[in-house]
Amino acid sequence: MTETLVQDPAFARLVEQYVRFWNAGPEGRQRRSAAAAFADDVEYRAPIGILGGTQALTAFRDQFVGHMGAVEFRLRGRPQTHHARARLAWEIRTEDGDSFATGTDVLHLDDDGRISSVTVFLDRAPEGFDPDAHHEADA
């Protein structure tokens, strides 16, 4: 079996909603994007920790933007998909256009076609980032 680039229009719209969520401005637009993209009990696993639910994910995004200011989350190529999974390579750029970090997210879709989990990998961590300072070591 081989990976495929996103060709399914529904999957492509979901990826657009995911990117829109991270770039959303006003709270109302962000909540609409979250509701369209994520299952209510979405699980988000990143080097900074594990979050559960759209409310926690929205709060994390707001905290990040509050700390960083305006940023742009953008894809670094076309997503790859198979068996209800998608792999997205991304970059975060600051308001000045500088690259802040790059990474890869693996999305898992539920039976309703919304994102039930996100696993984040940092390809290039932000300068000074210490992943061990953000979570406890695995047992």
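Here the structure is a predicted model, which is why all the values come from computation and not from measurement.
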Pairwise salt bridge (charged side-chain N to carboxylate O under 4.0 Å, His left out) hits with a residue in residues 52-61, at least two apart: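 As it turns out, there is no salt bridge (charged side-chain N to carboxylate O under 4.0 Å, His left out) pair with a partner in residues 52-61 once direct neighbours are skipped.
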
Which pairs would a plain distance check flag for residues 45-57, meaning a side-chain donor or acceptor within less than 3.5 Å of a matching protein atom at least two apart in sequence or in another chain?
| from | atom 1 | to | atom 2 | distance (Å) |
| --- | --- | --- | --- | --- |
| Arg45 | NE | Glu43 | OE1 | 2.8 |

Taking only residues two or more places apart in sequence or in another chain, which ones pass side-chain contact (heavy atoms from CB on, under 4.5 Å) with [X]?
X: Leu75; answer: Val15, Val19, Pro79, Leu88
X: Ala70; answer: Glu95
X: Ala125; answer: Leu122, Phe129

Looking at [X] and [Y], what are the two nearest heavy atoms and their distance?
X: Ala39; Y: Ser116; value: CB-CA, 4.2 Å
X: Asn23; Y: Val71; value: OD1-O, 3.9 Å
X: Ser99; Y: Glu91; value: OG-OE2, 2.6 Å
X: Asp110; Y: Asp112; value: OD1-N, 2.9 Å

Just to verify, what does [X] make a salt bridge (charged side-chain N to carboxylate O under 4.0 Å, His left out) with, not counting sequence neighbours?
X: Arg124; result: none
X: Glu16; result: none
X: Asp123; result: Arg76
X: Arg85; result: none

Quick one: do Glu72 and Arg93 satisfy salt bridge (charged side-chain N to carboxylate O under 4.0 Å, His left out)? Show the steps, please. CA-CA 5 Å; Glu72 179 187 13; Arg93 290 200 165 265; over 6 Å; no

Could you tell me which residues satisfy ring pair (Phe, Tyr, Trp, His ring centres under 6.0 Å) with Tyr44, sequence neighbours excluded, listed by chain and number? Trp22, Phe60

Would a single hydrophobic cluster contain both Val106 and Phe73, if residues Ile, Leu, Val, Met, Phe, Trp and Tyr are joined by side-chain heavy-atom contacts under 4.5 Å? no

Does some side-chain heavy atom of Arg87 sit less than 4.5 Å from a side-chain heavy atom of Thr104? yes

Does the side chain of Met68 reach to within under 4.5 Å of the side chain of Phe100, using non-hydrogen atoms?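 A side-chain contact under 4.5 Å exists here.
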
For Gln17, side chain to side chain donor-acceptor pair (under 3.5 Å) partners two or more places apart: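 Gln17: no side chain to side chain donor-acceptor pair (under 3.5 Å) contacts found.
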
Does Asp111, at its CG atom, have more than 12 non-hydrogen atoms belonging to other residues, nucleotides or ligands within less than 6.0 Å?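 Not more than 12 within 6.0 Å, no.
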
Among pairs that include at least one residue of residues 102-124, which meet ring pair (Phe, Tyr, Trp, His ring centres under 6.0 Å), considering only residues two or more places apart or in two chains?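 Passing the test, one end in residues 102-124: no pairs.
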
Would you check if the distance from the ring center of Phe21 to the ring center of Phe38 is below 6.0 Å?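 Aromatic pair counts; centres sit under 6.0 Å.
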
Rounded distance (nearest 0.5 Å) linking atom CG of Asp105 with atom OG1 of Thr119: 8.5 Å

Keeping the roles fixed (side chain from Arg114, backbone from Ala35), state whether a donor-acceptor pair exists under 3.5 Å.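 Yes, Arg114 side chain to Ala35 backbone: donor-acceptor pair under 3.5 Å.
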
